[in-house]
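Please read the structure below before turning to the comments.
Proteins come first, then strands; the chains are lettered A, B, ... in the order of their sequence lines, and each starts at number 1.
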Number of protein chains: 2
Amino acid sequence: MTASAPAPDPVDVVRRFNRSYTQRVGALDESFLGSGMPLGRARLLYEIGVEPGTTQDLRTRLGLDSGYLSRLLRDLEADALVTVEPDPADRRRRTVALTDEGRQAWGDLERRSAERARGLVEPLTARQQSRLAAALAEADLLVRAATIELETVAPAADLARRAVRAYVDEVGARIGGTGTFDADEALADDAARLVAPRGAFVVATSAGSPVACGGVQTLGPGVGEIKRMWVDDAWRGAGLGSRLLRHLEQVARELGHTELRLDTHEALTEAIAMYERAGYRRIERYNDNLHATHFFSTEIREFPRRGVPGRRRVGPCLPHPT
Amino acid sequence: MTASAPAPDPVDVVRRFNRSYTQRVGALDESFLGSGMPLGRARLLYEIGVEPGTTQDLRTRLGLDSGYLSRLLRDLEADALVTVEPDPADRRRRTVALTDEGRQAWGDLERRSAERARGLVEPLTARQQSRLAAALAEADLLVRAATIELETVAPAADLARRAVRAYVDEVGARIGGTGTFDADEALADDAARLVAPRGAFVVATSAGSPVACGGVQTLGPGVGEIKRMWVDDAWRGAGLGSRLLRHLEQVARELGHTELRLDTHEALTEAIAMYERAGYRRIERYNDNLHATHFFSTEIREFPRRGVPGRRRVGPCLPHPT
DNA sequence: GCCATTCTCTGACTAGAGTCAGAGACCATG
DNA sequence: CATGGTCTCTGACTCTAGTCAGAGAATGGC
C-alpha cells in the first residue's frame with residue numbers, strides 16, 4: 001500500500017544512522033578503546049599530544065573545570081606521561097607537554113583507534129569498503145558543512161583578513177595576472193565599505209578556521225553588491241556557497257536593500273552556476289572592474305528567514321586520534 | 001606534488017568521519033538530550049518504548065547487569081513510567097510495559113532526538129540535505145552489514161527455522177506457484193542434510209534477527225552443494241550475499257569438499273549475477289529439482305582465508321542442539 | 001608598594017554507571 | 001517431591017566524572 005519511493009525525511013535517516021552507528025561502533029568506545037585508561041585522562045592525553053599548551057589553554061579546549069584538570073594532570077604526571085612546568089610568561093599557569101613515554105601512550109591510543117576502524121571495515125568486501133568510504137567521506141563533508149558557524153566580523157579582524165587573503169590568492173590564480181590584484185589594496189577597500197551601516201562582512205568558520213567568506217556593500221539607495229565571495233577548495237560541493245549567499249541576502253535585506261548585484265569572472269564557472277541556480281540573472285556591466293567579465297542581479301524581497309545558522313551547542317571534544 | 005586522487009584508505013576515512021561526527025554531533029551525547037533523565041534510565045525507557053518485553057529480554061538487548069536493570073526498573077516504576085508484572089509463562093521473570101505517563105516521557109525523548117537531528121540537517125540547503133540523507137543511508141546499510149554475526153546453527157534451531165521460512169516465502173513469491181514449495185518439507189530435509197559431518201547451516205544475524213542464511217550439504221566425495229541461500233530484501237546491495245558465499249565456501253572446505261555446486265531459478269537475477277561475479281560457471285543440470293533452471297559450479301581450493309568472519313566476538317546466543 | 005584580579009590547586013562532595021556475591025523464588029526433571 | 005538449575009532482587013561496593021568553595025601564588029594597573 002505504501003509508495004515505492006516515499007522520499008525519506010533526512011531527519012529520519014540521520015536518526016536511523018545515528019542509532020546504528022552508536023550502537024555498533026560507538027559502543028566499544030566507552031571503555032576507552034580497551035586501553036585501560038579512563039576516558040577523561042585519554043581525552044586529555046590526546047589533546048596534549050595534538051598540541052601542547054598551557055593549562056588554561058587545555059581547559060578551554062576541552063571545556064574542563066580547573067580543579068578537575070589539575071587532578072587529571074597530576075595523575076598523568078604521576079604516570080610520567082607528561083611534564084608540567086611553570087609558564088615563564090605568566091607563572092601562575094603552567095605549560096604541559098608529553099614525555100617520551102607520553103608520546104608512546106599517545107601512539108598507542110592512535111593505534112587502537114586505527115585498529116578499531118579496521119575492525120569495522122575488514123569484514124566487508126573490497127567493493128563494499130570503497131562504497132562505505134565514499135559514503136562516509138560525503139557524509140563527513142556535509143556534516144562539517146552543516147555545523148559551520150557564520151559570523152559577521154569587521155573586515156579588519158584577523159579572521160576576515162585571513163579569509164580575504166585566501167580569496168585574493170585564489171582569484172589571482174584562477175584568472176591569471178596576479179600582479180594586477182593586490183591583497184592589501186583589497187583589504188584597505190573592505191575596511192571602509194564592508195562595515196555597518198553601509199555594508200557587512202561574513203566569515204564562515206569551521207573549528208576556528210575560515211572556510212568561506214563574503215561581503216555586502218552599498219552601491220546606491222536600495223541597491224547592494226556582493227563582494228569577496230569565496231569558498232575554500234576543500235569545501236566545494238557542500239552547498240556552502242549557496243548557504244552563504246542566502247545568508248548575505250538576508251544581511252542585505254537588513255541593510256535595507258531590495259536589489260543585489262555582483263560581478264565575477266568567467267573563469268569562476270562553479271560560482272557562475274551557483275548564482276544562476278540561486279535565481280540571479282545576467283545583466284550589463286554596471287562598473288569598471290577590470291577583473292570582472294560577468295554581471296548579475298537579483299531582487300531580494302522580505303520573507304521569513306529560513307534555516308539561517310544560529311547557536312549550536314559546542315560539545316566536548318572527544319579524543320578520536322586522527 | 002601529491003597525486004590528485006590517491007585512493008583513500010577506508011580506515012582513514014572511517015576515522016576521519018568518526019572524529020567529525022562525534023565532535024560535532026556528539027554521538028555519545030545521544031543520552032541525555034537535556035531531558036534531565038540520566039543516561040541509563042533514558043536508554044532503558046526508550047528501549048521499553050520501542051518494544052516492551054521481559055526483564056530478561058531487556059537485559060540482553062541492552063547488555064545490562066541484572067542487578068542494575070532491577071534497580072533502574074524500580075526507579076522507573078517509582079516514577080510511574082512503567083508497569084512491571086510477573087510473566088505468566090515463567091513467573092521468575094517479569095514483563096515490563098510503559099504506562100500512559102511513560103509513553104508520554106518516551107514521546108518526549110523521541111521529540112528531543114528528532115529535534116536534535118533536525119538541528120543538524122536544517123542549516124543545509126535542500127539539495128545538500130538529500131545528499132546527506134543518501135550518504136548516511138548508504139553508510140548505515142554498510143555499517144550494519146559490517147557488524148553482522150555469522151554463526152553455524154542447527155537447521156532445527158529457531159533462528160534457522162525463521163530464516164528458512166523467509167527463504168521459502170521469497171522463493172515462492174519470486175518463482176510463482178507457491179503451492180509446490182513447502183516450508184515444512186524444506187525444514188525436514190534440512191534437519192537431516194545440513195548438519196555435521198555432512199553439512200552445515202549458517203545464519204547471519206543483525207541485532208538477533210536473521211538477515212541472511214545459507215547451507216552446505218554433501219552430494220558425493222569432495223562435492224558439496226550450496227542450499228537455502230537467502231538475503232533479506234532490506235539488506236540487498238550490502239555485499240552480504242558475497243560475504244556469506246565466501247563463508248560457506250570456507251565451511252565447505254572444512255567439510256573436505258573441493259567442488260561446490262548450486263542450483264537456482266532464472267527469476268533470481270541478482271543471485272545469478274552474484275554467483276557469476278564470485279567465479280561460478282554455468283554447468284548442465286545435475287539434479288531433478290523442479291524449482292531450478294540454472295546450475296553452477298566452482299572449484300574451491302585451499303588458500304589462506306581472507307577477511308572471513310572467523311573469530312568475531314560471540315554473542316550470548318549459544319548453540320543448543322535440540 | 002598596594003590592591004583587586006586572575007589563575008591554579010586542594011579537599012569535600014554528588015551523581016551516574018556498573019560489578020559482584022549471595023538470598024530467595026520459581027522451573028523442569030527423574 | 002526432592003533436587004539442581006535458572007531467574008530476579010538486594011545490599012555493598014568501586015570507579016569515573018564533574019562541581020564547588022576557598023586558600024594561596026602571581027599579575028597588572030595605579
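Looking at residues 48-58 of chain A, you'll see A:Thr55, A:Gln56 sit with a heavy atom under 4.0 Å from some atom of DNA chain C. If you check residues 71-84 of chain A against DNA chain C, the residues with a heavy atom closer than 4.0 Å are A:Arg71, A:Arg74, listed by number.
Not a single salt bridge (Lys or Arg N to Asp or Glu O under 4.0 Å) links B:Glu77 to another residue, sequence neighbours left out.
The existence of a salt bridge linking B:Asp169 and B:Arg165 is excluded, since no basic side-chain nitrogen approaches an acidic carboxylate oxygen closer than 4.0 Å. Under 4.0 Å is where a charged nitrogen must lie from a carboxylate oxygen, and between B:Asp12 and B:Arg16 no such pair does. Between A:Asp140 and A:Arg144, at least one side-chain N (NZ, or NE/NH1/NH2) sits under 4.0 Å from a carboxylate O, which counts as a salt bridge.
No donor-acceptor pair under 3.5 Å is formed between the side chain of B:Trp230 and the backbone N or O of B:Ala212. Looking at A:Thr99, its side chain does come within 3.5 Å of a backbone N or O of A:Leu81 through a donor-acceptor pair. Remark: side-chain polar atoms of B:Thr95 are paired, donor with acceptor, to backbone N or O of B:Glu85 under 3.5 angstrom. The main-chain N or O of A:Leu62 is found under 3.5 Å from a side-chain atom of A:Arg43 such that the two form a donor-acceptor pair. Side-chain N or O atoms of A:Ser70 include none that pairs as donor or acceptor with a backbone N or O of A:Ser66 at under 3.5 Å.
Nearest nucleotide to the A:Arg59 side chain, out of C:dT8, D:dT8, C:dC20: C:dT8.
At least one side-chain heavy atom of A:Arg15 sits under 4.5 Å from a side-chain heavy atom of B:Glu110.
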Response to the item:
The contact string for nucleotides 22-30 of chain D, one letter per nucleotide 5' to 3', using protein heavy atoms under 4.0 Å with B, S and - for base, sugar-phosphate only and none, comes out as ----BS---
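Of the candidates A:Asn18, A:Val11, A:Val14, B:Leu120 forms a side chain to side chain contact (heavy atoms under 4.5 Å, CB included) with just one, namely A:Val14.
Among the atoms of the strands shown, only primed sugar atoms or phosphate atoms (P, OP1, OP2) are found under 4.0 Å from some heavy atom of A:Gly40.
Listed by first and then second residue, the salt bridge (Lys or Arg N to Asp or Glu O under 4.0 Å) pairs involving residues 152-162 of chain B are B:Asp158-B:Arg162 (not counting sequence neighbours).
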Which atom pairs link the protein and nucleotides 1-4 of chain D when you take only N or O atoms and keep those under 3.5 Å?
none

